[in-house]
Each structure stands twice: as structure tokens, then as C-alpha cells.
Amino acid sequence: QSESCCLKSLYLSRINFGDEGAVGLAEGLNGNKSLTSLYFDPHQSGITHDGWAAFSKLVCDTSNVNNIYLSNHIIRTIGDHEMFSTPPNIRRYLDLNEHPHPAIHKILKSHPDLDMNPFFQWKLKLLP
């Protein structure tokens, strides 16, 4: 979370960090400003649905619009290089991080019931 951190990629090869480690990593990456890739072998990491849920919440906390805005929009890879074992919902959020203004894309995809007309009238000045 340091402003001076320049770490771009983190490789955790052959480390069985399990769900507890995944939760710790996800919490540690909250507020991340530099790390774009977190590489590990999902089959050797020992994580289950609970660990993946922590990563999902990291990249897009859909509990409300503000939490989506505060989610991580920097990281682009979680898991192996091809992300074949990364759950599809997380891959979709990571793909959105490739777009300009990923927070807006995530908000619109996660809350399709939002009436966007007022935002367009205000030229989207209130969106991140």
C-alpha cells in the first residue's frame, strides 16, 4: 500500500498458502497501486471457494457501488499465466481492469438497475 512500492509481479510458485493465505493476500492488496500480476498454481496453492471469494471481493466488492469504486482496478492476473483455473467471475473482473475507467464498467455490470440518465445529463461528473 506504500506509494513508493514498485512491485509489478509476485510469483508464489509451489506454495500451499490455502484459504487463510488467500484472504491475507487479498487484504494486503487492498489499496494496491502497483502490483498487476499475482502468479501461483491454483492446484498447488490449497485454496478453495473461500480463498477465491476473497480475491473476487478484492477485484470487485459488489456489496454496494462505493465498494466497487474502492475495489482493486490495477491487478490484471490472479493465478497461473493463462488463468485457466481462475474462476470465470474473477476473470471477467480482471478483464474489466484492462479498460479505461474500470470502476465505471464494474458498477454498470454489477448494478444494471441503476438509472444512468441523470449521470449522462451531468456528463458523468459524479462517477469515478
Side-chain angles (χ1 to χ4, degrees):
Q1 293 181 4
S2 170
E3 292 294 326
S4 63
C5 181
C6 59
L7 183 67
K8 299 283 185 195
S9 298
L10 180 60
Y11 294 83
L12 302 173
S13 298
R14 299 184 189 132
I15 298 176
N16 184 344
F17 50 82
D19 290 336
E20 189 174 314
V23 169
L25 282 166
E27 289 174 358
L29 289 172
N30 193 15
N32 164 57
K33 302 279 189 258
S34 64
L35 190 76
T36 59
S37 302
L38 174 61
Y39 296 113
F40 59 88
D41 183 342
H43 302 292
Q44 294 180 347
S45 65
I47 65 173
T48 66
H49 173 73
D50 294 339
W52 285 114
F55 287 129
S56 180
K57 187 175 180 181
L58 168 71
V59 294
C60 191
D61 181 352
T62 60
S63 59
N64 62 54
V65 172
N66 193 48
N67 285 350
I68 293 174
Y69 174 70
L70 295 173
S71 295
N72 185 303
H73 308 299
I74 303 296
I75 197 159
R76 288 170 168 66
T77 304
I78 297 177
D80 55 14
H81 287 275
E82 294 83 22
M83 292 195 302
F84 291 133
S85 299
T86 303
N89 65 316
I90 297 174
R91 283 198 315 259
R92 281 191 295 274
Y93 295 141
L94 293 170
D95 288 344
L96 290 175
N97 283 352
E98 300 281 345
H99 289 84
H101 311 293
I104 294 172
H105 289 278
K106 291 176 184 180
I107 290 168
L108 295 175
K109 291 209 179 275
S110 300
H111 294 278
D113 55 321
L114 280 177
D115 180 9
M116 292 305 297
N117 287 326
F119 294 107
F120 289 119
Q121 291 169 358
W122 298 328
K123 297 184 173 48
L124 298 174
K125 290 180 185 174
L126 297 179
L127 286 178

Just wondering, are more than 12 heavy atoms of other shown residues or ligands nearer than 6.0 Å to CD in Gln44? yes

Distance check, rounded to the nearest 0.5 Å: Arg91 atom CZ versus Thr86 atom OG1? 6.5 Å

Quick one about Thr48 and Asp19 (side-chain donor to acceptor, distance below 3.5 Å, no hydrogens or angles considered), yes or no? yes

Point-to-point distance, once rounded to the nearest 0.5 Å, from CG of Asn72 to CG of Asn97: 6.5 Å

What are the two closest non-hydrogen atoms of His101 and His105, and how far apart are they? O-CD2, 3.3 Å

If you round to the nearest 0.5 Å, how far is CG of Leu108 from NZ of Lys106? 12.5 Å

In Å, rounded to the nearest 0.5 Å, how long is the span from OG1 of Thr77 to CD of Glu82? 10.0 Å

Are Tyr39 and Leu7 linked, directly or through other ILVMFWY residues, by side chains that come within less than 4.5 angstrom of each other? no

Is there a side-chain contact between Ser34 and Asn32, using heavy atoms and a 4.5 Å cut-off? yes

Checking the side chain of His73 only, and the main-chain atoms of Ser71 only, is there a donor and an acceptor separated by less than 3.5 Å? yes

Drop me the distance from Ser37's OG to Met83's CE, to the nearest 0.5 angstrom. 9.0 Å

Any chance you could measure Lys109, atom NZ, to Ile104, atom CD1, to the nearest 0.5 Å? 13.5 Å

Could you state whether Val23 and Leu70 fall into the same hydrophobic cluster, counting links through intermediate Ile, Leu, Val, Met, Phe, Trp or Tyr residues with side-chain heavy atoms under 4.5 angstrom apart? no

Does the side chain of Ile68 reach to within under 4.5 Å of the side chain of Cys60, using non-hydrogen atoms? yes

For Ser85 versus Trp52, what's the shortest heavy-atom pair and its separation? O-CZ2, 3.9 Å

Do Thr62 and Tyr93 touch side chain to side chain, with heavy atoms closer than 4.5 Å? yes

Which word best sums up how the rings of Phe40 and Phe17 line up, parallel for under 30°, tilted for 30 to 60°, or perpendicular for over 60°? perpendicular

Answer yes or no: is there a donor N or O on one side and an acceptor on the other, between the side chain of Ser45 and the main chain of Pro42, under 3.5 Å? yes

Heavy-atom distance under 4.5 Å between the side chains of Leu35 and Ile74, does that happen here? no

Would Leu25 and Glu27 count as a side-chain contact (heavy atoms from CB on, under 4.5 Å) if you check the C-alpha gap in whole Å, the side-chain angles of each, and the deciding distance to 0.1 Å? CA-CA 5 Å; Leu25 282 166; Glu27 289 174 358; over 6 Å; no

